[in-house]
Participant: 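First the structure, then my questions, so here it is.
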Number of protein chains: 4
Amino acid sequence: MTPPLTRRRTPDSADVRRRILDAATALFARDGFDATATSAVARAAGVPKGLLFYHFPTKIDLLRNLLAERLPASPLCGVASVVVPGDIAASLVALHAELGLDQHQSLVLRIVVFREAQTHPEVGEHVRRLRAGLVAVTEEVLDAASVRPLGPEDRRSAARTFVAVVLDHANAERFGGAESDIEGAARLLAGGLYAGQRAR
Amino acid sequence: MTPPLTRRRTPDSADVRRRILDAATALFARDGFDATATSAVARAAGVPKGLLFYHFPTKIDLLRNLLAERLPASPLCGVASVVVPGDIAASLVALHAELGLDQHQSLVLRIVVFREAQTHPEVGEHVRRLRAGLVAVTEEVLDAASVRPLGPEDRRSAARTFVAVVLDHANAERFGGAESDIEGAARLLAGGLYAGQRAR
Amino acid sequence: MTPPLTRRRTPDSADVRRRILDAATALFARDGFDATATSAVARAAGVPKGLLFYHFPTKIDLLRNLLAERLPASPLCGVASVVVPGDIAASLVALHAELGLDQHQSLVLRIVVFREAQTHPEVGEHVRRLRAGLVAVTEEVLDAASVRPLGPEDRRSAARTFVAVVLDHANAERFGGAESDIEGAARLLAGGLYAGQRAR
Amino acid sequence: MTPPLTRRRTPDSADVRRRILDAATALFARDGFDATATSAVARAAGVPKGLLFYHFPTKIDLLRNLLAERLPASPLCGVASVVVPGDIAASLVALHAELGLDQHQSLVLRIVVFREAQTHPEVGEHVRRLRAGLVAVTEEVLDAASVRPLGPEDRRSAARTFVAVVLDHANAERFGGAESDIEGAARLLAGGLYAGQRAR
DNA sequence: AATGAATGAGAATTCATTCAT
DNA sequence: CATGAATGAATTCTCATTCAT
């Protein structure tokens, strides 16, 4: 009585796909794309090498599908949840937490992606879209959190700066160099935005 | 008439070493460390493969020596030259220009280094030292540029934020995603620092 | 109203078989037997891979069945149609046209067959039978066209020579090297046969 | 005191090259190009796989070098040695023997070449040149052997026919189908040429 | 009969490194 | 110091064939 849903694949097949992508995610993140052998992905996923290439005809397809299926370019569903009205700094910190760039898969993927951005053009494109999405959402948060309207230039500069801090933070974390502090940046940017307004 | 005293190596040998490192720099930057074959480095340097391994017994030694000889962890000789007294924003922008992360070999090397930081621990260590040096020099610049003494926390947060922007900028440039604006960040941070002071 | 009696297979099944063999013919001809993947045959035929192996348990079975069903070893039904009494040369040219080695599927198959003759013994056997059949039919044509009885040796030599020309012509066509001229060979052989007779 | 000749390669290296080409010749001839694994060539040559690819970067380079170094497109040095003045048939038979298409490496190579002519364009080109060279040399032989001047059309047709017979003969031999007789063809063509002359 | 996922042996090629000369 | 041939393990990818459903 249950309809076949929208899947053409066997449950088994879907599971295999998922396990392969899980394994690829973990290994790419740990060792990098180039340094990860497809055989290692297959082993980690518990499938024979041939099956990996049945699902992903070339190695780069693994990365491609990782991006397409697991790393949406639009990083957030709604902005409302993180906004603390009247407190720009707190809103930015909440945004950073909500983005979850520091933890779990998301981080892992983004890092992989940064590393391969140069070598694989399509990956670079994805990274550019991701960055643009982050800037856009940050601008929204700034607008919603500010009690006064923000100048478009300041708003954009603040958003870009914050995104740079967030991405650099994620990037730095992987080799233990995460010295940057999100809170400090948020506080200074909030101050700078109001100072800018005042100056006008 | 006497040969140069500061060299233990023959001029030829020194020249070969230099050509190899030049070639390695260019190729690592373009293709990444993993994707660059030692044979490609030898070919680009115009030396036989055997000679390359005579000078650098393993591939990672190439990277190691690149760091040791060409990428000083202390990024600047003097701070005075970039400081615009009384204008924090202008000083930061001048600092960025002086660092020269955007151009020439320096950039190239740093990028390579970022990419391999995770995979090769010693490279990660170098990157950490570089970041610490950048933060320290930025703090110095902030202190020298500010007309009023800065709170240590604010100063450090501002320095870290600015370094994050600078590194993210360099990092993003390589795949054409360089949206960040140094000037905007400098302006907002300057504003934020004074706003913070006032608030105290 | 009754289903066709000469078929043991369902119409569908017969259709699938035919489509598979059609696809195999085309691909083997274009790329060679070894270089054609069974999956490519299945795709070209529009059938799932499993079904292909249901009908033809191994890859070589495809070739075997191609020979058995589509490349009769006796190349001609009747000889009368091509004979021009009294004109050996014209008869040979007509024979060549009738054989149709230069065009359509027949050519395609024969070429495949030549290529694999060495590697697959049973294919070689088929090629030998085909050649023998061609020689036999050519001898018949020579006999029927000649106004005088031909010596058996000359007749056989002429037939073999003509068959060699015809096969080489077909063989050469596939890589654009078809320089041989059927008409010239026919004319010279006709002349040679009469010259031989006179000398006796 | 002996000059280094014209070799830049080590004697060893030259030997390795030769052994690899020998092995490739034998295996390509026996099994075909596509069906011969590079590992099989290396094993037969007694060298590690890596060394094979050091000398011949890709598999097709093996075939390319085989053609360039061992299968001259001009098949004969001088024509005089095979000509029997006044006896066209005997001259053709001698030509065939001199060409040596039936025996040794030459045969082997030509067969390989025929098989791959379609799939690998450059090989096809070589085959075309070879055929043209054979026709040209055969025409020379016919001219030198004939006591009377031959019409250009007849001469060319006879040459093409003879070359077709010779090539088909070589081609057929590999799967035991060598029924064609060179002598018979030579005799009939000789007769045909004179018959043609008389008729004019 | 039909299906397409699963399997694993093997293909071509790459590459860091060694070593005899 | 210099050289480039030699080495073989590892890599990405292919493919005929099987099999559970």
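Per chain, numbering begins at 1; letters A, B, ... match sequence-line order.
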Participant: Which residue, D:F56 or C:P48, contacts DNA chain E at a nucleotide closer to its 5' end, judged by nearest heavy atom?
Facilitator: C:P48
Participant: Is there a side-chain contact between D:F33 and C:D34 in this structure, where contact means two heavy atoms from C-beta onward sitting under 4.5 Å apart?
Facilitator: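 In short, these two side chains do not touch, never coming nearer than 4.5 Å.
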Participant: Within the structure provided, determine whether B:L66 and B:L62 are in side-chain contact (heavy-atom separation under 4.5 Å).
Facilitator: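 Of all side-chain heavy-atom pairs linking B:L62 with B:L66, none is under 4.5 Å.
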Participant: Whether D:R18 and D:D15 form a salt bridge (side-chain N of Lys/Arg under 4.0 Å from carboxylate O of Asp/Glu) is what I want to check.
Facilitator: yes
Participant: With nearest nucleotides of DNA chain F determined for A:R43 and D:L52 from heavy-atom distances, which residue corresponds to the more 5′ nucleotide?
Facilitator: D:L52
Participant: So, using side-chain contact (heavy atoms from CB on, under 4.5 Å) as the criterion, who are the partners of C:T38 when residues are at least two apart?
Facilitator: C:F53, C:K59
Participant: Who pairs with C:R43 by salt bridge (Lys or Arg N to Asp or Glu O under 4.0 Å), at least two apart in sequence or on another chain?
Facilitator: none
Participant: Mind checking the CD-CG spacing from D:E69 to D:L21? Nearest 0.5 Å is all I need.
Facilitator: 5.5 Å
Participant: So what is the 5' to 3' dot-bracket string for DNA chain E, if pairs are Watson-Crick or G-U wobble with both distances under 3.5 Å, crossing pairs use [ ] and | means the partner sits on another strand?
Facilitator: .||||||||||||||||||||
Participant: Mind checking side chain to side chain donor-acceptor pair (under 3.5 Å) for B:T58 and listing every partner two or more places apart, or none if nothing turns up?
Facilitator: B:D61
Participant: Taking all atoms of both residues into account, what is the closest heavy-atom pair of B:A44 and B:A23, and its distance?
Facilitator: CB-CB, 3.8 Å
Participant: Can you measure A:D31 atom CG to F:dA10 atom P for me and round it to whole angstrom units?
Facilitator: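 Checked: the CG to P distance equals 16 Å.
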Participant: Check whether any side-chain N or O of B:H55 sits under 4.0 Å from OP1 or OP2 of F:dC1, and answer yes or no.
Facilitator: no
Participant: For nucleotides 14-17 of chain F, tabulate all protein N/O to nucleotide N/O atom pairs closer than 3.5 Å, reporting atom names and distance.
Facilitator:
residue : atom : partner : partner atom : Å
F:dA16  : OP1  : C:T36   : O            : 3.4
F:dA16  : OP1  : C:K59   : NZ           : 3.0
F:dA16  : OP2  : C:T38   : N            : 2.6
F:dA16  : OP2  : C:T38   : OG1          : 2.6
F:dT17  : OP2  : C:K59   : N            : 2.8

